[in-house]
*Asks:* 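If you scroll down you'll find the structure; I have some questions about it.
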Amino acid sequence: MFLKNEDVKIGTIPDANGSDNPLKKMEFLTEKEMKDSSRLFGKVIVPPGSALAYHTHECEGEAYHILQGKGLYNDNGTKYEVHPGDTTFTCDGAGHAIENIGDEDLVFMALILLDK
């Protein structure tokens with residue numbers, strides 16, 4: 001399989017802060033390719049002043065790998081400033097959120113792994 005950049009589907013996620021800037025999500029693999037191992041392998045773009053709301057994971061974990069920008073990551077209530085090259089992981093039963101606190105888009109890879 002080879003997927004060209006222009007063939008990647010771009011969807012949106014409603015902004016958790018109520019601004020007019022939706023978050024963008026690009027999914028690189030479908031359920032067919034991921035089979036029963038993962039639910040998401042993609043890239044998320046969070047505009048300045050926007051956030052991905054706090055949410056919990058059940059029967060799965062999620063990793064973020066920061067590519068660009070500056071964010072405030074909420075790891076089950078503990079907050080960390082994140083920068084390019086940083087990686088976070090939220091395990092089954094835990095929650096997380098991320099807010100763009102910089103002047104440019106916050107861009108990160110997201111991988112949701114299913115627990116078996």
Side-chain angles (χ1 to χ4, degrees):
M1 179 183 123
F2 173 68
L3 184 64
K4 294 180 71 107
N5 186 55
E6 57 266 21
D7 296 329
V8 175
K9 295 179 184 171
I10 301 173
T12 59
I13 306 168
D15 172 51
N17 288 344
S19 76
D20 292 331
N21 293 326
L23 313 184
K24 294 179 186 161
K25 176 174 70 170
M26 299 169 200
E27 296 186 33
F28 300 121
L29 298 176
T30 67
E31 287 181 19
K32 179 181 176 185
E33 289 91 28
M34 293 185 287
K35 300 187 182 188
D36 294 328
S37 65
S38 305
R39 187 166 63 85
L40 172 69
F41 171 58
K43 182 166 72 171
V44 178
I45 301 171
V46 182
S50 298
L52 184 57
Y54 188 87
H55 57 283
T56 58
H57 287 271
E58 299 296 329
C59 300
E60 63 188 22
E62 185 171 25
Y64 293 163
H65 180 75
I66 310 302
L67 300 173
Q68 174 186 316
K70 180 168 65 169
L72 186 62
Y73 180 74
N74 181 339
D75 180 18
N76 238 13
T78 303
K79 294 183 180 179
Y80 303 93
E81 194 169 295
V82 292
H83 303 272
D86 294 343
T87 302
T88 68
F89 184 74
T90 300
C91 62
D92 177 28
H96 64 157
I98 192 163
E99 176 185 358
N100 184 340
I101 59 171
D103 297 330
E104 64 178 325
D105 285 345
L106 174 64
V107 181
F108 59 91
M109 299 299 297
L111 175 64
I112 297 178
L113 299 168
L114 302 176
D115 285 352
K116 296 196 176 218

*Asks:* Measuring from C59:SG to L114:CG, what's the distance to the nearest 0.5 Å?
*Replies:*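 Between C59 SG and L114 CG, I get 9.0 Å after rounding to 0.5 Å.
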*Asks:* Over all heavy atoms of both residues, which pair between G69 and P84 is shortest? Give the atoms and the distance, please.
*Replies:*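 Closest approach of G69 to P84, heavy atoms only: O-CD, 3.2 Å.
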*Asks:* Output the distance between atom NE2 (H57) and atom CG (L113), rounded to the nearest 0.5 Å.
*Replies:*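 These two atoms lie 10.5 Å from each other.
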*Asks:* Heavy-atom distance under 4.5 Å between the side chains of V44 and Y64, does that happen here?
*Replies:*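 SC-SC contact between V44 and Y64 ruled out.
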*Asks:* Do I45 and M26 come close enough that some side-chain heavy atom pair is under 4.5 Å?
*Replies:*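 Yes, at least one pair of side-chain atoms sits under 4.5 Å.
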*Asks:* May I ask you to test the P47-L23 pair for a side-chain heavy-atom distance under 4.5 Å?
*Replies:* yes
*Asks:* Does a side-chain heavy-atom distance below 4.5 Å link L111 with H65?
*Replies:*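 No, every pair of side-chain atoms sits at 4.5 Å or beyond.
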*Asks:* For the pair E60 and D115, evaluate side-chain contact (heavy atoms from CB on, under 4.5 Å) and give the outcome as yes or no after the intermediate values.
*Replies:* CA-CA 5 Å; E60 63 188 22; D115 285 352; 5.5 Å; no
*Asks:* Going by heavy atoms in the side chains, are H96 and N76 under 4.5 Å from each other?
*Replies:*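 No; the side chains remain at least 4.5 Å from each other.
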*Asks:* Testing T78, V82, L52 one by one against Y73 for a side chain to side chain contact (heavy atoms under 4.5 Å, CB included), which residue passes?
*Replies:*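 Filter result, single survivor: V82.
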*Asks:* Would a 4.5 Å heavy-atom cut-off, applied to side chains only, mark K25 and K43 as touching?
*Replies:* no
*Asks:* Is there a path from I10 to F41 through hydrophobic residues (I, L, V, M, F, W, Y) whose side chains come within less than 4.5 Å of each other?
*Replies:* yes
*Asks:* Just how far is it from atom CG of D86 to atom NZ of K70, taken to the nearest 0.5 Å?
*Replies:* 12.5 Å
*Asks:* Using 0.5 Å steps for rounding, measure from the OG1 atom of T88 to the CD atom of E62.
*Replies:* 7.5 Å
*Asks:* From the options I101, I98, L67, select the one residue that forms a side chain to side chain contact (heavy atoms under 4.5 Å, CB included) with L106.
*Replies:* I98
